[in-house]
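Here the structure comes first, spelled out in structure tokens, and everything after it is commentary.
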Amino acid sequence: MSSTARQRMTGTTSRRIEPFADSIWPWVDQMSERNPDAVFFGGGVPPTDVIPIDRLREGSAKAWADGPEVLLYGEVRGYRPLRELIAARMRARGAEVDPNDILITNGAQQGIDLVARTFLDPGDIVLTEAPTFMDALRVFRSHEATIVGVPVDEQGLVVDALRAILDRLPTRPKFLYTIPTYQNPMGVTMSLERRQALVELARERGLPIVEDDPYGELAYDEPPPPMLKSLEPEVIFLGTFSKVLAPGLRVGWIAAPPDLYEAFFNVKEGTDIHNERIMTRSIYHAAEGFLDGHVARSQEVYRRRRDAMLAGLEAAMPPGVTWIRPAGGFFLWVTLPEGYDTDAMLPDATDRGIIYLPSSCFYPDRSWNRSMRLNFSAHPEDRIAAAMESLGESIRAQ
Ligand SMILES: Cc1ncc(COP(=O)(O)O)c(C=O)c1O
């Protein structure tokens with residue numbers, strides 16, 4: 001669409017569809033144009049050398065072999081064998097989930113939107129971690145929710161701060177959206193004590209919890225504490241194959257208690273009837289008997305890359321710069337000393353060859369601009385080491 005056409009449309013519509021509102025990506029595109037040789041450390045996807053394309057191709061051949069019946073309308077819930085596989089994997093992680101409690105979605109992102117559509121009216125309060133996944137913020141904003149951020153430290157969401165926020169809010173929030181394991185963007189994991197305290201507080205206050213868990217299987221040290229869903233069956237759980245297989249597949253799921261399930265089912269059916277049927281079958285055939293091994297191999301690669309980034313930071317960062325060691329996932333959170341501004345520094349870092357995501361885009365009120373999210377999964381170790389040197393130079397130059 002031309003920019004004039006876009007202007008004409010947005011002049012007459014509500015802010016719900018303002019193009020690119022809140023998006024970091026046009027800015028990232030500008031940076032890439034500014035220096036096409038700069039390496040992008042802002043992503044959050046498995047690198048192409050880890051995506052099991054041959055296995056997915058085999059899975060797809062099996063899906064097509066199921067014949068033309070597969071191309072008719074099917075179950076809104078999604079392909080039953082895939083739901084059984086997901087339920088078994090969740091059970092292995094401690095959450096008792098029935099395949100009928102699982103609704104296949106177009107990625108976890110659609111799960112976030114289905115939850116928002118089901119729960120939110122304009123002006124409702126939503127609690128998120130501060131910082132949190134920026135595309136969740138975009139969804140909540142598009143539903144005109146008031147987003148209230150809850151602080152996060154190295155042990156995850158600060159439950160005492162949440163309690164204090166609940167005490168002072170004028171109305172009860174509709175839900176808490178949290179990423180307890182290998183959080184995006186900080187890479188932190190909520191401790192078991194915090195998880196127990198959170199579940200307890202949520203029960204006490206009647207606060208629904210939405211647990212978003214795209215990275216939970218990508219552990220590089222000891223296994224993470226149990227999922228919130230395994231501590232509290234009422235939790236609305238969002239899962240995805242985007243990080244353990246590939247994001248372009250667009251297959252995720254919601255696991256929800258039956259009364260809420262019905263609401264999500266209706267909204268999903270009203271939105272797109274059901275997921276595309278070949279891909280869900282392809283994933284099932286590809287994942288069965290393969291996914292555990294693939295996850296283990298991916299963990300090896302990502303652990304080495306994480307360690308390379310930690311070593312690179314250790315070698316290249318000036319005094320006063322701090323970072324959090326992630327035990328899994330894709331992200332490393334770096335914080336600069338007082339007086340620095342990672343928004344303002346991005347063009348210089350880009351000129352020196354590294355593009356990161358500045359912290360402001362992960363905060364509901366954009367209030368914190370001294371940190372950055374670095375992705376360690378996407379690049380080989382030597383490139384990571386070189387990029388950390390460039391970053392160190394850029395920080396010294398400020
Ligand atoms: C926390 C979180 N939730 C959801 C998503 C979206 O996942 P999907 O590709 O399954 O829609 C991402 C992707 O970056 C994410 O980091």
Side-chain angles (χ1 to χ4, degrees), residues 22-25 28 40-47 50-51 56 78 82 86 89 102-117 126-140 142 147 149-150 152 156-157 175-190 209-218 224 227-229 235-255 264 268 271-272 275-276 279-280 283 287 291 302 326 328-333 357 359 361-364 373-378:
D22 307 321
S23 177
I24 181 82
W25 301 117
V28 168
F40 182 54
F41 277 81
V45 295
V50 174
I51 292 175
L56 287 163
L82 183 64
I86 291 166
R89 294 185 75 78
I102 291 170
L103 179 69
I104 301 290
T105 57
N106 274 288
Q109 187 68 28
Q110 188 182 38
I112 298 170
D113 188 59
L114 291 181
V115 172
R117 284 180 191 222
V126 174
L127 297 164
T128 71
E129 284 146 351
T132 188
F133 173 46
M134 59 188 163
D135 287 343
L137 292 175
R138 296 182 74 193
V139 172
F140 303 146
S142 77
I147 305 170
V150 183
V152 180
L157 180 136
F175 58 84
L176 165 73
Y177 168 81
T178 173
I179 310 156
T181 309
Y182 315 136
Q183 202 243 14
N184 181 3
M186 286 179 75
V188 296
T189 294
M190 199 187 293
I209 297 177
V210 179
E211 175 177 28
D212 191 7
D213 181 63
Y215 306 99
E217 294 201 45
L218 297 173
M227 301 184 284
L228 297 174
K229 180 75 176 164
V235 163
I236 299 160
F237 180 92
L238 307 179
T240 181
F241 290 100
S242 285
K243 313 298 170 167
V244 292
L245 282 174
L249 303 170
R250 305 309 305 135
V251 176
W253 68 93
I254 299 186
F264 298 142
K268 168 76 180 168
T271 305
D272 57 9
N275 265 48
E276 185 267 301
M279 190 53 83
T280 45
I283 290 182
L291 193 51
Y302 300 149
F330 282 167
F331 307 116
L332 215 150
W333 187 249
L357 291 192
S359 55
C361 61
F362 301 103
Y363 282 80
R373 187 188 83 176
L374 295 175
N375 164 256
F376 57 79
S377 63

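Just follow the structure's listing: the first ligand is 1, and inside any ligand the first atom is 1.
For atom 12 (C) of ligand 1, the nearest non-hydrogen atom of the protein is Phe133 CZ, 3.4 Å. Closest protein heavy atom to atom 7 (O) of ligand 1: Ala108 CB, 3.9 Å. Of all protein heavy atoms, the one lying nearest to atom 10 (O) of ligand 1 is Thr240 OG1, 2.5 Å. The nearest heavy-atom contact from the protein to atom 3 (N) of ligand 1 is Asp212 OD2, 2.5 Å.
Among the atoms of Gln109, some N or O lies under 3.5 angstrom from an N or O of ligand 1.
With a 4.0 Å heavy-atom cut-off, ligand 1 is reached by the side chain of Tyr215 but not by its N, CA, C or O.
Put simply, the side chain of Thr105 gets close to the backbone of Trp253: a donor and an acceptor are under 3.5 Å apart. In this structure, the side chain of Gln183 does not engage the main chain of Thr132 through any donor-acceptor pair within 3.5 Å. Proximity of a side-chain donor or acceptor of Glu211 to a complementary backbone N or O of Leu228 within less than 3.5 Å is detected. Under the 3.5 Å distance criterion, the side-chain polar atoms of Lys243 are left unmatched by any main-chain donor or acceptor of Tyr215. A distance-only check finds a donor-acceptor pair linking the side chain of Asn375 to the backbone of Phe330 [under 3.5 Å].
Side-chain N/O atoms of Arg373 and Asn184 include a donor and acceptor closer than 3.5 Å. Neither side chain, Asn106 nor Glu276, offers a donor N or O lying under 3.5 Å from an acceptor on the other.
The six-membered or imidazole ring of Phe376 lies away from that of Phe331, with a centre-to-centre distance of 6.0 Å or more. Taking the six-membered ring where the residue is Trp, the centroids of Phe140 and Tyr177 are separated by under 6.0 Å.
Every atom of ligand 1 with a heavy atom of Ser242 under 4.0 Å away is listed here by number and element: 8 (P), 9 (O), 10 (O). Which parts of ligand 1 touch Asn184 is read off a 4.0 Å heavy-atom cut-off, strictly below it: atoms 15 (C), 16 (O). Shown in contact with Ile179 at under 4.0 Å from a heavy atom are these atoms of ligand 1, numbered in order with element: 1 (C). Below 4.0 Å from some heavy atom of Pro214 lie the following atoms of ligand 1, by number and element: 1 (C), 2 (C), 3 (N), 15 (C).
For Pro247, the heavy-atom gap to ligand 1 stays at 4.0 angstrom or more. The shortest heavy-atom distance from Lys243 to ligand 1 is under 4.0 Å. Ligand 1 has at least one atom lying under 4.0 Å from a heavy atom of Arg250.
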